[in-house]
Amino acid sequence: MTSQQIRQQFLDFFKSKEHLIVPSAPIVLKDDPTLMFSNSGMTQFKDYFLGYKTPKSPRISDTQKCLRVSGKHNDLDDVGRDTYHHTMFEMLGNWSFGDYFKKEAIGWAWELLTEVYGIPKENIYVTIFEGDASENLERDQEAYNFWKEHIDESRIINGNKKDNFWEMGDSGPCGPCSEIHVDLRTAEEKAQISGLDLVNNDHPQVVEIWNLVFMEFNRKADGSLERLPAKHVDTGMGFERLCMALQGKSSNYDTDVFTPLIAKVEALSGKKYTGILEDEKDIAIRVVVDHIRAVSFAIADGQLPSNGGAGYVIRRILRRAISYSYRFLGMKEPFLYQLVEVLNNQMGGFFPEIMKQRTLVSEVIKEEENSFLRTIETGLVRLDNIINETLKKGEKNLPGEQVFELYDTFGFPADLSRIIAEEKQLTVDEQGFEAEMAKQKQRSKKDSAAKVYDWVVLEERPETFVGYDQLAAETYITRYRKIENKDGEFYQIVLSQSPFYPEGGGQIGDTGVLIPSYAPHFDISQPDMYNIKDNPDVIQVLDTKKENNLIVSLINELPKDAGAIFYAKVEAKNRRNTQANHSVTHLLHEALREVLGTHVEQKGSFVGPEYLRFDFSHFSKMTEQELALVEEKVNTKIKENILLEEHRSIPIAEAMERGALALFGEKYGDSVRMIQFGTSRELCGGTHVKSTGEIGHFKIISESSTAAGIRRIEAISGDQSAEYFKNLETQLAELSRVLKSKDLAKSVEKLMSENAALKAEVESLKKEKAQSETANWKNDFTEQNGKKLLVKKVSLEAGSVKDIVFQLKKEVPNSITVIISDAGEKPMITVGVSPDLEGQYHAGNIVKELAKEIQGGGGGNPGFATAGGKNLAGIDQAVARAMEM
């Protein structure tokens, strides 16, 4: 049975049990501040379990892409070193939201595994929650009784809280769970030791494949448990492990989930995969084929590698794969990008995003490979300097803090440092390295640490967003909670009617004020007449975000009477400029597609009051003509003063039929909001101008690259655009005054011509000086055994030094010239070897050796070579080393 058939049979089975089959949510989470990635099948259903949304069906089934590389669920270090851990994996799941419970979940799991998939019953073990006295939780006798109907009691195992009480996180829905394990060992192995003794003991052939979670409780922030108003079922079955069981393999990597990728790696690297667990080559291949899946799907879902947040995690995974292939497969050139097509052929049918984005994914991975391979080469030079310094001191232990700096600052793999050190009969100071690693983790933990208290509910009221239609509203605080972090103590509040737009879709969250009705002289019927400046009762709203479908505003102190009536007011100028920038991103998107082609797709954005940033797919730098044309098209639409057509709730199918653009990596519901300005139609939840004329004017400030195949435009509009042109006028007036001319172009041309003439005169004088120096230096060569050597420490710039060295090479036979300069506060070494000695000496090799003294690098040919560095203090050592050589 192929992996595609296994996946399809699961979905078909639960469809027959009246489950709605839904697509996988994106692996990258955009609107969940508590998670970067979907790390379990239930992630996309959190709002249903928490009661913030109603599911479209009480029974749902799917296969969900998951990623586990950080936090509580971190499998990264295990990947490649065993047969069953992965960064990205599929989680097959079936869900009940207040519908069926333990009896049906257990019965259907047994039916699917034994009757549909045909797993022998005697190979299956199950666990149930044994209870926990400290939590006042009893043994899950109900689950035990239902399992008894299907499986022998001797194979029902009690499990502790760690293994058999599932929790979403530190707080949230939770409950006892029942794991299903399969014993895949041979009959001989089973005869030697019972599977009972190997369950939950990390045995590679006695593995958990399915977990049935029975959500009955809610874990509060104070650690206490309360009963949920309804009981839910949340199950997750590891697709890769299931394939291993059904295909009769002893490793996930031997299934057809991975074998096509392994075959491609074998063909590209020339290395044969043998499946040996401890073989470094095989570990590297497993790492590569696992990591390429995680990275490819993350990029396809809209997350590009970067230096922060989720992007850093993706870059880290990719660099781990590159490092392993560089060290153990001998791959010194990019090759991982060629695996994307294989992945597309395998999974494109079920996950169309990889098919539609495969060109972009390949290009991004290829560029990241090129960049990191350059990092490795640069790191090798730096490591060589550390090794030489260590050897000079007569020591055998590389300083741990320096090896950590290579890893942390320059991205050079620590394992590679250790391997190279061993080749030189050296070791790494592991204690020092681990101490630096601990300091970094502590810093990160301190930066991100926040204590979040439970919500205090003041009154049950509907909580709605009114900010599309109004910038102010009479409202109540329905709930609040305290937050403590490195910046102090804050409060989050939820309003019954909130005009504050929560951060999302690239648009920043609104700020503003909250005026209580008890404030002196405040008239709720005429709030705009109230002076809020320096009034102690007025509360500043610092930011607004969305969490679990709630609009949460941040304030730094609670009002004296949190139960009062409040007047919530958005900071109007910021909102006006922000929504102008948001609307113009839609016009920009359309103009880019018209000028560059329909391959252009939005890949990210930032929309604030000061400027906008728009990332899009395109594979070359835009020309000045293209930028000018895009600007012209956008400003034409602004001048036309096109009215906004807002379709606040439209079926997604209808929106797509009308030509609306949707973003890859976004999760859309059945009904969506479509924003239309003439021919521009996009699915969008942000705030917008009522007509394009409100934007004022659009000006592109810069166009650059952020990753392979991704360009970035930064631009301004509205008030900032007006300020930009006002500043230009001021600068032009000042230039006109300084140049004493109104014809600025003519005056600048004259200055440039005069400057060119002066430069030519200076170059001529330099050459004369160089010739003079050459004549003087001819007498400074020292001679030994018929060969001449000149080592000089000077402060001349590079051009003059080059002229001198070439002149001396030509005029002084049997000579080697070494000039070490400190011009411009940067050390530089230049070496020249006369033609008659080029067979015996190589300038490039000499300069590489000397460059170690100035912490630099360089090279050249046998007759001439140069090197730059950063250590001015090493110049004297370089002079001494040159004399010694």
Side-chain angles (χ1 to χ4, degrees), residues 10-11 13-15 17-22 24-25 29 32 34-35 38-64 66 73 91-112 126-129 131-132 135 137-147 159 161 163-180 210-221 224-237 454-455 547-550 667 669:
F10 179 90
L11 299 175
F13 176 83
F14 280 103
K15 188 175 182 180
K17 304 297 184 187
E18 301 177 335
H19 286 65
L20 175 69
I21 308 302
V22 300
S24 170
L29 298 176
D32 188 338
T34 65
L35 287 173
S38 288
N39 63 3
S40 66
M42 62 79 61
T43 304
Q44 68 164 310
F45 305 120
K46 275 173 67 174
D47 286 350
Y48 303 155
F49 291 121
L50 291 165
Y52 298 130
K53 280 185 181 178
T54 303
K56 44 187 131 174
S57 168
R59 299 180 181 187
I60 284 177
S61 183
D62 73 345
T63 178
Q64 172 66 48
C66 301
H73 301 294
M91 189 71 86
L92 303 168
N94 58 289
W95 321 86
S96 167
F97 306 104
D99 187 19
Y100 63 82
F101 202 45
K102 296 179 185 179
K103 179 180 176 65
E104 293 84 354
I106 288 170
W108 289 336
W110 184 258
E111 181 185 348
L112 176 62
V126 299
T127 63
I128 63 154
F129 181 47
D132 188 284
E135 296 264 25
L137 293 169
E138 296 180 355
R139 181 174 187 256
D140 193 353
Q141 189 64 38
E142 189 180 12
Y144 181 86
N145 292 338
F146 288 130
W147 274 120
K161 183 182 168 187
D163 291 325
N164 282 88
F165 194 87
W166 193 92
E167 307 205 38
M168 182 191 295
D170 293 333
S171 62
C174 54
C177 63
S178 190
E179 298 171 343
I180 303 173
W210 206 347
N211 192 11
L212 316 180
V213 180
F214 310 119
M215 289 197 180
E216 303 179 63
F217 304 99
N218 179 50
R219 174 79 67 186
K220 299 175 73 175
S224 63
L225 291 172
E226 62 182 7
R227 289 273 177 185
L228 289 171
K231 295 177 179 180
H232 311 290
V233 170
D234 156 21
T235 85
M237 176 149 62
D454 284 316
W455 285 110
E547 182 180 331
N548 296 327
N549 217 37
L550 292 174
K667 180 74 174 173

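Index from 1, following the sequence.
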| said: If the condition is side chain to side chain contact (heavy atoms under 4.5 Å, CB included), which residues does K220 pass it with, not counting sequence neighbours? | reply: N218, D222, S224, E226, D454
| message | I want to check something: taking the side chain as every heavy atom from C-beta on, are L225 and E135 in contact at a cut-off of under 4.5 Å? | response | yes
| task | Quick one: closest heavy-atom pair of I106 and A143, and the distance? | result | CD1-O, 3.8 Å
| said: Could you go through N164 and C177, starting from their C-alpha distance and side-chain angles, then the distance that decides it, and tell me whether this counts as side chain to side chain contact (heavy atoms under 4.5 Å, CB included)? | reply: CA-CA 5 Å; N164 282 88; C177 63; 4.3 Å; yes
| field | Whether F165 and F129 hold their rings parallel, tilted or perpendicular, with breakpoints at 30° and 60° | value | tilted
| said: Consider ring-ring contact (aromatic ring centres under 6.0 Å, His included). Of F13, F10, Y100, which one does W108 pass it with? | reply: Y100
| Is there side-chain contact between K102 and D140, with heavy atoms separated by less than 4.5 Å? | yes
| query | So, the side chain of Q64 versus the backbone of S40: is there a donor-acceptor pair under 3.5 Å, distance only? | reply | no
| task | Taking all heavy atoms of V22 and all of D62, pick out the closest pair and write down the distance. | result | O-CB, 3.2 Å
| remark: Shortest non-hydrogen pair, L11 vs S61, comes out as CD2-OG, 4.2 Å
| field | Side-chain heavy atoms of E179 within contact of W210, under 4.5 Å | value | no
| Considering all heavy atoms, the nearest F49-D234 contact | CZ-CB, 3.9 Å
| query | Any chance CD of Q141 has more than 12 other-residue heavy atoms, nucleotides or ligands included, within less than 6.0 Å? | reply | yes
| message | Can you confirm whether more than 12 heavy atoms, excluding those of K103, are under 6.0 Å from its NZ atom? | response | no
| Can you find a pair of side-chain heavy atoms, one from M237 and one from L112, that are under 4.5 Å apart? | yes
| Any side-chain heavy atom of M42 sitting closer than 4.5 Å to one from W166? | yes
| message | Which heavy atom of S178 sits nearest to which heavy atom of N211, and what is that distance? | response | O-OD1, 3.4 Å
| query | Is it the case that more than 12 heavy atoms not belonging to K161 sit under 6.0 Å from its NZ atom? | reply | yes
| message | Run the side chain to side chain contact (heavy atoms under 4.5 Å, CB included) test against E18 and tell me which residues pass, sequence neighbours left out. | response | R59
| message | Are the side chains of I128 and F146 in contact, using a 4.5 Å heavy-atom criterion? | response | no
| Where the side chain of S96 meets the backbone of F101, is there a donor-acceptor pair that is under 3.5 Å apart? | no
| query | Hey, mind stepping through Y48 and W95 against ring-ring contact (aromatic ring centres under 6.0 Å, His included) and telling me if it holds? | reply | CA-CA 11 Å; Y48 303 155; W95 321 86; 9.8 Å; no
| request: Kindly give the heavy-atom pair with the smallest separation between G98 and H232, and that separation in Å. | output: N-ND1, 3.1 Å
